[in-house]
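This report refers to the structure that appears directly beneath it.
Remember, it's 1-based here, ligands and their atoms both numbered in the order they're listed.
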Amino acid sequence: MINFPNCNILSTDQFACADIAQLFTAAAVVKPYAKREQQTNVLQGAILSNLFFEPSTRTRLSFSSAFKLLGGAVNETTEISTTSSVKGESLCDFAKVVAEYCDIAVIRHPDAGSAAKYAECSNVPVINAGDGANEHPTQALLDIYTMEQELAKYDKTIDGVTLACIGDLKYGRTVHSLLKLLALFEDVTIHLISPMSLQLPKQFTEKLSERGHRLEYFNRLEPGIENVDVLYVTRIQEERLSEVDQNNLQLASFQINRTIYEQVCTPETVILHPLPRNSRSDTPELHTDLNDHPNLAIFRQVANGLTVRMALFALIMDVVEQISHTTY
Ligand code: NCD
């Protein structure tokens with residue numbers, strides 16, 4: 001179990017079911033503030049260091065907006081080249097310095113394990129916003145939150161769910177964190193659909209196997225998405241692949257589009273994607289012809305990211321109880 005006040009969030013390994021429940025209870029408290037129906041200054045005087053050393057749009061902006069919507073201030077660092085790392089400063093010294101200027105830090109960094117390494121040297125709590133191809137725990141939390149809401153529309157729960165993960169399961173850190181979290185639920189079936197060269201590394205299935213969940217591997221799309229409750233579509237992590245590897249992927253055969261969705265999926269199949277989806281490719285992994293489909297939940301997922309990150313800040317900064325007294 002997590003003791004949220006002042007804790008680091010580095011991996012979904014840290015979470016138990018009760019922690020997810022506590023987070024979602026806090027999410028209900030902050031939701032009116034995320035929706036701008038109410039305003040609070042509960043974090044007035046607090047400063048977040050938002051350290052992004054890899055490209056990001058929604059993760060960085062939602063963390064930043066989440067802290068500001070709770071009344072806090074944010075220092076943004078978006079280029080490793082503008083920090084003293086280029087002068088040879090170690091990640092550990094950097095963490096010690098940053099901690100003097102803020103109350104909490106969020107870090108995205110290209111190296112697996114970097115967030116944990118950073119946290120060891122930080123005197124303020126640290127949230128991992130993506131460490132290379134390893135994990136992205138807060139994305140998984142918002143994915144679970146979204147999944148719960150979307151499945152409820154069809155009277156379903158995460159217990160008993162069948163979920164297909166499609167795309168780059170090797171380097172896609174959102175899937176890595178999500179699968180560890182899903183292992184906490186009951187009677188989960190996971191279909192892992194990817195090109196052979198981008199299969200899920202074993203370490204991310206251990207928890208699912210230990211708890212007796214079903215895992216099936218597919219290197220073709222159609223059999224993997226038949227009758228599933230949720231599609232979790234992911235982008236090929238081009239930045240982590242060589243050009244030769246990319247050219248051999250035959251991505252067209254893994255694309256979710258309206259034709260295949262209507263032919264193979266059920267009318268209740270929810271479509272999730274952590275985003276960004278690749279619009280440059282000739283064969284984007286998730287076609288825009290599904291944009292007006294009611295089961296396409298990708299932008300609701302984005303909105304939920306703000307609520308879940310506000311809830312996480314409120315718990316770590318230990319202010320959930322004070323929010324209602326600081327409303328103006
Ligand atoms: C993901 C990431 O950065 O891991 N994006 C996100 O945070 N929503 C997914 C990706 O980049 O493909």
Can you tell me the protein heavy atom closest to atom 6 (C) of ligand 1 and the distance?
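Closest protein heavy atom to atom 6 (C) of ligand 1: Leu275 O, 3.4 Å.
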Closest protein heavy atom (residue, atom, distance) for atom 11 (O) of ligand 1:
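Heavy-atom neighbour on the protein nearest atom 11 (O) of ligand 1: Arg235 NH2, 2.8 Å.
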Give the contacting part of Gln237 toward ligand 1: side chain, backbone, both or neither, where contact means a heavy-atom distance below 4.0 Å.
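The answer is the side chain of Gln237.
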Within-4.5 Å side-chain heavy-atom neighbours: Leu198 and Leu169
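No, too far: nothing below the 4.5 Å cut-off.
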Pairwise side-chain contact, Glu89 with Val97, heavy-atom cut-off 4.5 Å (strictly under)
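Side-chain contact under 4.5 Å: yes.
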Shortest heavy-atom approach to atom 3 (O) of ligand 1 - which of Glu238, Arg173, His176
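When every heavy atom of Glu238, Arg173, His176 is considered, Arg173 comes closest to atom 3 (O) of ligand 1.
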Return yes or no for this condition: an N or O of [X] is under 3.5 Å from an N or O of ligand 1.
{"X": "Arg108", "answer": "yes"}
{"X": "Pro274", "answer": "yes"}
{"X": "Glu239", "answer": "no"}

Have [X] and [Y] got a donor and an acceptor in their side chains that come within less than 3.5 Å?
{"X": "Ser177", "Y": "Gln139", "result": "no"}
{"X": "Ser65", "Y": "Ser62", "result": "no"}
{"X": "Asp229", "Y": "Tyr154", "result": "no"}

So, are Asp13 and Lys207 salt-bridged, with charged N and O less than 4.0 Å apart?
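Yes, charged N to carboxylate O under 4.0 Å.
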